[in-house]
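Quick notes on the structure that follows.
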Protein chains: 2
Amino acid sequence: MSLSYAMLGLLTYGPMNGYNLKKIFDKSISHVWAASLSQIYRELSTLEKKGYVTSIIQKQEDGPDKRIYSITDLGRDAFQDWLKNFPEQLSFYQRDEFMLRIFFGSRLEKKEIIKEFEHFISQKLDHLKKLNEIEKTFNIYSSEFTVESAEKEELFWHFTIKQGKMTIEVLIKWAEECIKQLEEYNSSKINLKK
Amino acid sequence: MSLSYAMLGLLTYGPMNGYNLKKIFDKSISHVWAASLSQIYRELSTLEKKGYVTSIIQKQEDGPDKRIYSITDLGRDAFQDWLKNFPEQLSFYQRDEFMLRIFFGSRLEKKEIIKEFEHFISQKLDHLKKLNEIEKTFNIYSSEFTVESAEKEELFWHFTIKQGKMTIEVLIKWAEECIKQLEEYNSSKINLKK
DNA sequence: AAGTTATATATAACAAGTTATATAGTATGT
DNA sequence: ACATACTATATAACTTGTTATATATAACTT
């Protein structure tokens with residue numbers, strides 16, 4: 001599945017240990033595919049069993065030893081194979097806790113729900129900042145981690161950031177519209193009652 | 001977690017069996033929270049153990065017996081409690097297989113990647129259609145399943161559909177911009193080489 | 001008549017993701 | 001000096017989600 005290929009993809013940039021891989025994840029692709037440390041460690045052993053990566057132990061005097069993983073030719077092939085075979089059917093289904101609550105929003109007070117929409121907007125503004133931070137580190141990584149050309153590598157990274165930004169911006173607009181509609185709905189209700 | 005509350009939420013509309021619950025899921029909240037049949041069955045037993053639902057067996061002459069679940073007062077309270085307690089931190093992290101491949105898009109031919117962006121657009125157009133179909137059935141359900149007022153119930157359902165539509169529309173715009181940028185990038189590269 | 005699809009009912013096995021726990025050094029704050 | 005946080009290393013337990021399997025009837029398809 002996708003996690004293993006995300007990991008193999010990052011390992012094409014160079015050998016890494018689990019902890020390091022997690023840091024790179026968070027600074028590069030967490031907005032596209034998130035991973036927890038424990039998942040990464042488990043997946044690294046699975047990948048090793050499959051022969052997609054090999055590991056060596058690096059002794060350290062300060063702190064515990066490191067296990068450094070490198071991608072194998074078999075691993076590179078598997079990654080490239082996955083990469084070129086995009087799925088036919090892209091998933092339509094979602095799992096969004098906030099949206100689920102909104103679905104049942106009629107069971108809440110108008111004031112409460114407006115407060116939640118406002119909180120949603122402030123959270124999305126935070127997410128925009130996070131994306132900007134990730135974007136800033138791209139030029140650092142692209143010079144370190146270049147496969148073909150840093151420019152081409154960065155182009156695609158920016159596509160994913162752009163997707164995130166555009167989506168967040170539209171969600172903010174959506175929430176603002178919902179608030180407006182709720183306020184209108186309430187006032188018309190009050191008028192009817194009079 | 002969310003699945004159980006999605007199920008409890010639907011059960012506030014009336015008693016249902018697992019199979020039926022799945023159908024309602026697909027026609028109402030799959031765009032917000034998806035569930036598979038096996039998950040639903042497992043979760044129903046968990047909910048029963050917790051006392052949030054009770055079940056009776058309905059004998060049937062044609063086909064196997066049905067187990068009809070009803071929400072209990074305890075279940076209603078748990079649902080309402082969940083509903084009013086929106087999480088402070090909304091998740092920033094994502095898991096999107098398509099976007100992950102785009103992240104590594106520099107390893108593919110320009111032609112291939114443009115083809116995938118085009119396929120993405122056509123899939124998103126399909127998803128728009130699915131959302132429209134879900135939206136159409138809302139008025140049917142809102143008259144059957146009304147808690148307070150059908151109008152208020154539908155208002156929130158429409159918010160979730162609107163969110164889906166706005167997001168999909170912006171994703172299409174994003175993909176179109178990516179294609180344009182890729183074409184420009186390639187031609188400028190060719191020019192540089194000349 | 002035989003095969004496929006849909007309705008109806010689930011359970012079992014497996015894979016993936018989250019949370020808790022364990023260990024230990026280094027740095028920073030009060 | 002003591003606590004908290006961060007770096008660094010993971011493993012274990014638990015929860016959630018997906019895929020495969022099982023059974024049986026009815027309706028539609030070729």
Side-chain angles (χ1 to χ4, degrees), chain A residues 1-8 15-27 29-30 32-50 52-53 55-69 82 87 89 91-97 100, chain B residues 1-8 15-27 29-30 32-50 53 55-69 82 87 89-97 100:
Chain A
M1 35 69 223
S2 300
L3 172 64
S4 49
Y5 297 108
M7 286 169 60
L8 287 174
M16 272 177 264
N17 60 330
Y19 190 82
N20 214 242
L21 204 46
K22 166 63 174 165
K23 280 202 301 183
I24 309 280
F25 249 90
D26 290 346
K27 299 205 170 196
I29 49 173
S30 61
V32 151
W33 200 277
S36 66
L37 245 186
S38 56
Q39 263 188 298
I40 288 172
Y41 284 118
R42 181 174 49 192
E43 200 55 35
L44 280 170
S45 358
T46 310
L47 289 174
E48 194 164 29
K49 273 175 211 144
K50 285 185 182 168
Y52 291 173
V53 299
S55 70
I56 51 153
I57 287 169
Q58 200 177 71
K59 288 250 154 87
Q60 285 193 133
E61 265 140 49
D62 49 339
D65 296 348
K66 284 184 183 179
R67 188 179 282 271
I68 313 280
Y69 289 88
W82 167 82
Q89 295 295 318
S91 173
F92 163 73
Y93 301 102
Q94 274 208 283
R95 284 194 176 92
D96 189 313
E97 209 182 324
L100 181 60
Chain B
M1 35 66 223
S2 301
L3 171 64
S4 49
Y5 297 108
M7 287 168 58
L8 287 174
M16 273 178 262
N17 62 331
Y19 190 82
N20 215 242
L21 204 45
K22 166 64 175 167
K23 280 202 299 184
I24 310 281
F25 248 90
D26 290 346
K27 299 206 170 197
I29 50 173
S30 61
V32 152
W33 200 277
S36 66
L37 245 186
S38 56
Q39 260 187 299
I40 288 172
Y41 284 117
R42 180 174 49 191
E43 201 54 35
L44 281 170
S45 356
T46 309
L47 289 174
E48 194 164 30
K49 274 176 212 146
K50 285 185 182 169
V53 299
S55 71
I56 51 153
I57 286 169
Q58 200 175 74
K59 287 248 153 88
Q60 284 195 136
E61 264 139 50
D62 49 339
D65 297 348
K66 285 184 184 182
R67 186 179 281 270
I68 314 282
Y69 290 89
W82 167 83
Q89 295 295 316
L90 302 181
S91 173
F92 163 75
Y93 301 103
Q94 276 209 281
R95 285 195 176 92
D96 188 314
E97 209 183 324
L100 181 59

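So that the names make sense, note that chain A is the first sequence line, chain B the second, and so on, each numbered from 1. Computed over heavy atoms, backbone and side chain alike; hydrogens, waters and symmetry mates excluded. Since the structure is predicted, the reported quantities are computational estimates derived from the model, not experimental observations.
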Next on the checklist: On the nucleotide dT9(D), are OP1 or OP2 found under 4.0 Å from the side-chain N or O atoms that Asn17(A) carries?
Outcome noted: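 The answer is yes; a side-chain N or O of Asn17(A) sits under 4.0 Å from OP1 or OP2.
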Next on the checklist: Less than 4.0 angstrom between a side-chain N/O of Gln39(B) and OP1 or OP2 of dG17(D), yes or no?
Outcome noted: yes
Nucleotide [N], atom [atom2] - distance to [atom1] of [X] in whole Å:
{"X": "Leu21(A)", "N": "dA10(D)", "atom1": "CG", "atom2": "C1'", "result": "14 Å"}
{"X": "Gln58(A)", "N": "dT7(D)", "atom1": "CD", "atom2": "P", "result": "18 Å"}
{"X": "Leu37(A)", "N": "dT21(C)", "atom1": "CG", "atom2": "C1'", "result": "14 Å"}
{"X": "Leu47(B)", "N": "dT15(D)", "atom1": "CG", "atom2": "C1'", "result": "14 Å"}
{"X": "Tyr93(B)", "N": "dT19(C)", "atom1": "OH", "atom2": "P", "result": "12 Å"}
{"X": "Ile24(A)", "N": "dA8(D)", "atom1": "CD1", "atom2": "C1'", "result": "15 Å"}
{"X": "Leu3(B)", "N": "dT18(D)", "atom1": "CG", "atom2": "P", "result": "10 Å"}
{"X": "Ile40(A)", "N": "dA10(D)", "atom1": "CD1", "atom2": "C1'", "result": "12 Å"}

Checklist entry - The side chain of Arg42(A) lies closest to which of these nucleotides: dA8(D), dA16(C), dG17(D)? => result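 Comparing dA8(D), dA16(C), dG17(D) against the side chain of Arg42(A), the answer is dA16(C).
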Item to check | Given dT18(C), dT18(D), dA8(D), the nucleotide with the shortest approach to the side chain of Ser36(B) | outcome: dT18(D)
Item to check | Least distance between heavy atoms, Asn17(B) atom then Arg67(B) atom | outcome: CB-O, 3.1 Å
Report which part of the nucleic acid [X] touches: base, sugar-phosphate, or nothing (heavy-atom distance under 4.0 Å, all strands).
{"X": "Lys22(A)", "result": "nothing"}
{"X": "Arg67(A)", "result": "sugar-phosphate"}
{"X": "Arg95(B)", "result": "sugar-phosphate"}

Checklist entry - Relative to the 5' end of DNA chain C, which residue comes earlier, Ala34(A) or Tyr41(B), by the nucleotide with the nearest heavy atom? => result Tyr41(B)
Next on the checklist: For Ser38(A) and Met1(A), find the nucleotide of DNA chain C closest to each by heavy atoms; which residue's nucleotide sits nearer the 5' end?
Outcome noted: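 Result of the comparison: Met1(A).
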Item to check | Watson-Crick or G-U wobble partner of dT11(C), both distances under 3.5 Å | outcome: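 Matched dT11(C) with dA20(D) under the 3.5 Å cut-off.
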Item to check | dC28(D) - base-pair partner by Watson-Crick or wobble geometry, distances under 3.5 Å | outcome: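 Answer to the pairing question: dG3(C), which forms a Watson-Crick or G-U pair with dC28(D).
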Heavy-atom side-chain proximity of [X] to [Y] below 4.5 angstrom:
{"X": "Pro87(B)", "Y": "Glu97(A)", "answer": "yes"}
{"X": "Met16(B)", "Y": "Ile24(B)", "answer": "yes"}
{"X": "Leu21(A)", "Y": "Met7(A)", "answer": "yes"}

Checklist entry - Residues in salt bridge (charged side-chain N to carboxylate O under 4.0 Å, His left out) with Glu43(B), at least two apart? => result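 Salt bridge (charged side-chain N to carboxylate O under 4.0 Å, His left out) list for Glu43(B), sorted by chain: empty.
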